[in-house]
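When reading the values below, keep in mind they use all heavy atoms of this one structure, side chains included, and skip hydrogens, waters and symmetry mates. Proteins come first, then strands; the chains are lettered A, B, ... in the order of their sequence lines, and each starts at number 1.
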2 protein chains.
Amino acid sequence: MGRPTIADIARQAGVSKGAVSFALNGRPGVSEATRARILRVAEEMNWRPHSAARALGGARADAVGLVIARPARTIGVEPFFSQLLSGLQAVLSASSVALHLMVVEDTAAEIEVYRRWASEHRVDGFILVDLQVRDPRLPVLDELGLPAVVLGGPGKGGNQLRIWADDREAMLSIVDYLAAIGHRRIAHLAGLPHFQHTQRRIRALRDASRRLGLEEAVSVPTDFSDAEGAAATRTLLSRPRRPTAIVYDSDVMAVAGLGVAGEMGVAVPGELSIVSFDDSVLARIVHPPLTALSRDTFALGEQVAHSLLEALDEAGPGRDLQMPTPRLTVRESTSPPPAG
Amino acid sequence: MGRPTIADIARQAGVSKGAVSFALNGRPGVSEATRARILRVAEEMNWRPHSAARALGGARADAVGLVIARPARTIGVEPFFSQLLSGLQAVLSASSVALHLMVVEDTAAEIEVYRRWASEHRVDGFILVDLQVRDPRLPVLDELGLPAVVLGGPGKGGNQLRIWADDREAMLSIVDYLAAIGHRRIAHLAGLPHFQHTQRRIRALRDASRRLGLEEAVSVPTDFSDAEGAAATRTLLSRPRRPTAIVYDSDVMAVAGLGVAGEMGVAVPGELSIVSFDDSVLARIVHPPLTALSRDTFALGEQVAHSLLEALDEAGPGRDLQMPTPRLTVRESTSPPPAG
DNA sequence: TGCCATAGCTAGACCGGTTTAGTAAGCCAG
DNA sequence: CTGGCTTACTAAACCGGTCTAGCTATGGCA
């Protein structure tokens, strides 16, 4: 015989299918004695629920979806995503909720996946990353009516829960630190310009520069890849009056930039200070180890998972949840600028 | 009205549910005219199949499972997994097959997940990574009767398809290269000792050392983490007669080792040559860029996905599939050893 | 003309659960 | 003793598909 069904258990225990269902789901309708007997039989027969059958009745799919829209080959590098995934899994696994993961090429494809998974009842909710400026995904999620947690914010509107950290404050802490040790020409290798956090960081740098009266503070948008990070660094360092400090929006770019500096014979931190906006093992294992903004991405993943599980239980209106502002970890890639 | 069902379409098109099912699945039983009409109605009503309902009838779940057994916090670092994932996704997405991903703490938990997903009809097949020496997961998979693709081999027995590259030949190419440029004392920072590929690499190094008459060739097992990579490197470099070349089983460890060398004032490649068994952006962006074995992990992922999809269609007996042997990419982290 | 094969379709069982309506028995109060 | 209420349970509908058995109309062929 194949996998046992509740009908098999019912027959074995001498009760009806309904009674078995009640017993297995811990709901009233059977006596304690009968419940114990049914549970014992189910245990003996090694019964497991058939998730599809459950989902058919309109119940949970016990899965949540995460769709990442980035060119497939570039995902590999970002420790951020792997860390986030790990944190998500840690919580989801504990609740026996599976994670449906998909990597697509662009936002249009991403939205298509949301529609498909929702209509196919594959998932109970979604996790959104890389919040964009006027994000076209939000209205779609509202329309689909499934709960979602959005990484990024703060923001109004929509029924999703927003989880965010204060990028502006974080950028200010970097610039304040650099200015305090004497830097007056700071460059910023930013990420994709249509991401909300990219824009917030760029604006924060500009504001801080004005307030502190810096000589120069330029933001250069990139696609987050090591290639563009390296190329932009090369351009910056080739200028006659080059910046004395560069802030990188990701650790991958920072490490690439560090490599370019070494290659061009620019000493770090002697002639150039480097700060990474993202901390990870990557930032720690290179030499010199990078001064970086430390946030606990694993914990972020855990928080996202918790919030989503909560939202699945009681669909409330969208809320905001602020994570601690990342704190600057000073390592050996920063020092006062060269004299003169 | 909620989501339209085939019953709604049937009513609208004036046919029976069965006819709709035939039409939508492209099987005989309806005339071309009727089929076209049904398809048009389905299109108009924006119908999507309910995956649970399909799965209930014994059909496909249209999902495959990947379970990774490593401590959650350490996954984040390995570019290998992210690259593999990207390759998998590229192919799976194209076939509208979802990927169920789960990270667990150990092999026992991994096996438990296999059992659960199989009995819950959540997935149609599995992908196994980190093949172990006498792998306890293989008999379980045979018992569950679901197709699987195993990364690692070659191997007999089991009904799984094995996909592997020739680790032995790869290690030999590294040692031959190092010996050819004059190295006589080579160390090897290996991975977890119960992995098959770890053992094969250790054995290959020993054999090559004997054949080439090297002065020393030692393999040190680690847990793949940057911490152990750094610690073991420190120990090796502190010895009175230290190795002139170190081969690292992963790029993360190699980069960590590079950092330790820099910190201890050991010049790379002047005094120490470094080779990474895994190539990735990581190996390229550090300075000096690392000589490494290049294999296309993304392509590996694509191949795995293709093979698994094929196995889903026609469950054949287990087979072997050999990937191209990784080729050594010489960069700037290797040179002849210091004189004397 | 009569018979059979076949195309084209319908009705309904079925998958494995959940859930609702209904029923029998037990208990208590009046 | 009876009516009403609760408890413990059963029977059956239901979710949205797939699939098989069977029915009807048509065409081909002897």
Looking at the side chain of [X], which of [options] is the nearest nucleotide?
| X | options | value |
| --- | --- | --- |
| Ser31(B) | dG17(C), dC9(C), dT18(D) | dC9(C) |
| Phe22(A) | dG17(C), dT19(C), dT18(D) | dT19(C) |
| His50(B) | dG17(C), dG8(C), dG16(D) | dG16(D) |
| Val30(B) | dT10(D), dT18(C), dC9(C) | dC9(C) |
| Ser21(B) | dG16(C), dT18(D), dT10(C) | dT18(D) |
| Val15(A) | dG17(C), dC9(C), dT10(D) | dT10(D) |

Inset, instruction - Could you tell me whether Arg27(A) contacts a base, only the sugar-phosphate backbone, or nothing, with contacts defined as non-hydrogen atoms closer than 4.0 Å? - result: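 Sugar-phosphate, backbone atoms only, no base.
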Inset, instruction - Quick one: label Arg35(B) by what it contacts on the DNA or RNA (base, sugar-phosphate, nothing), any heavy atom closer than 4.0 Å. - result: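 Counting heavy atoms under 4.0 Å across all strands, no contact is made by Arg35(B).
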In whole angstroms, how far is the [atom2] atom of [N] from the [atom1] atom of [X]?
| X | N | atom1 | atom2 | answer |
| --- | --- | --- | --- | --- |
| Arg54(B) | dG16(C) | CZ | P | 18 Å |
| Asn25(A) | dG17(C) | CG | C1' | 9 Å |
| Arg11(A) | dT10(D) | CZ | C1' | 16 Å |
| Ile6(B) | dC9(C) | CD1 | P | 16 Å |
| Asp62(A) | dG17(C) | CG | P | 14 Å |

Legend entry - Heavy-atom neighbours of His306(A) NE2 exceed 12 at 6.0 Å: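 No, because the 6.0 Å sphere around NE2 of His306(A) holds 12 heavy atoms or fewer from other groups.
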Legend entry - Side-chain touch Val123(A)/Phe126(A), heavy atoms, less than 4.5 angstrom: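 A side-chain contact exists here, since the closest heavy-atom pair is under 4.5 Å.
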Inset, instruction - Rounding to 10 degrees, work out the angle separating the end axes of the helix from dT1(C)-dA30(D) to dG30(C)-dC1(D) (five pairs an end). - result: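 About 60° separates the two local helix axes.
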Inset, instruction - Tell me yes or no: between the side chains of Gln160(A) and Asp142(A), is some donor less than 3.5 Å from an acceptor? - result: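 Per modelled atom types, Gln160(A) and Asp142(A) side chains form a pair under 3.5 Å.
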Inset, instruction - Look at the aromatic rings of His100(B) and Trp117(B) and report parallel, tilted or perpendicular, splitting at 30° and 60°. - result: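 Plane angle between 30° and 60°, so tilted.
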Legend entry - Candidate pair Glu32(A) and Arg35(A), rule salt bridge (Lys or Arg N to Asp or Glu O under 4.0 Å), full reasoning: CA-CA 5 Å; Glu32(A) 277 314 309; Arg35(A) 181 188 306 276; 3.4 Å; yes
Inset, instruction - Using a cut-off of strictly less than 4.0 Å, decide whether Thr34(A) has a side-chain nitrogen or oxygen near OP1 or OP2 of dC9(D). - result: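 So the side-chain polar atoms of Thr34(A) do come within 4.0 Å of the phosphate oxygens OP1 or OP2 of dC9(D), strictly under.
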Legend entry - Arg48(A) with Glu112(B): basic N within carboxylate O range, under 4.0 Å: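 Looking at Arg48(A) and Glu112(B), the cut-off is met.
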Inset, instruction - Report yes if a donor N or O on one partner sits less than 3.5 Å from an acceptor N or O on the other, where the partners are the side chain of Lys17(B) and the base of dG12(C); otherwise report no. - result: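 No, the side chain and the base share no sub-3.5 Å donor-acceptor pair.
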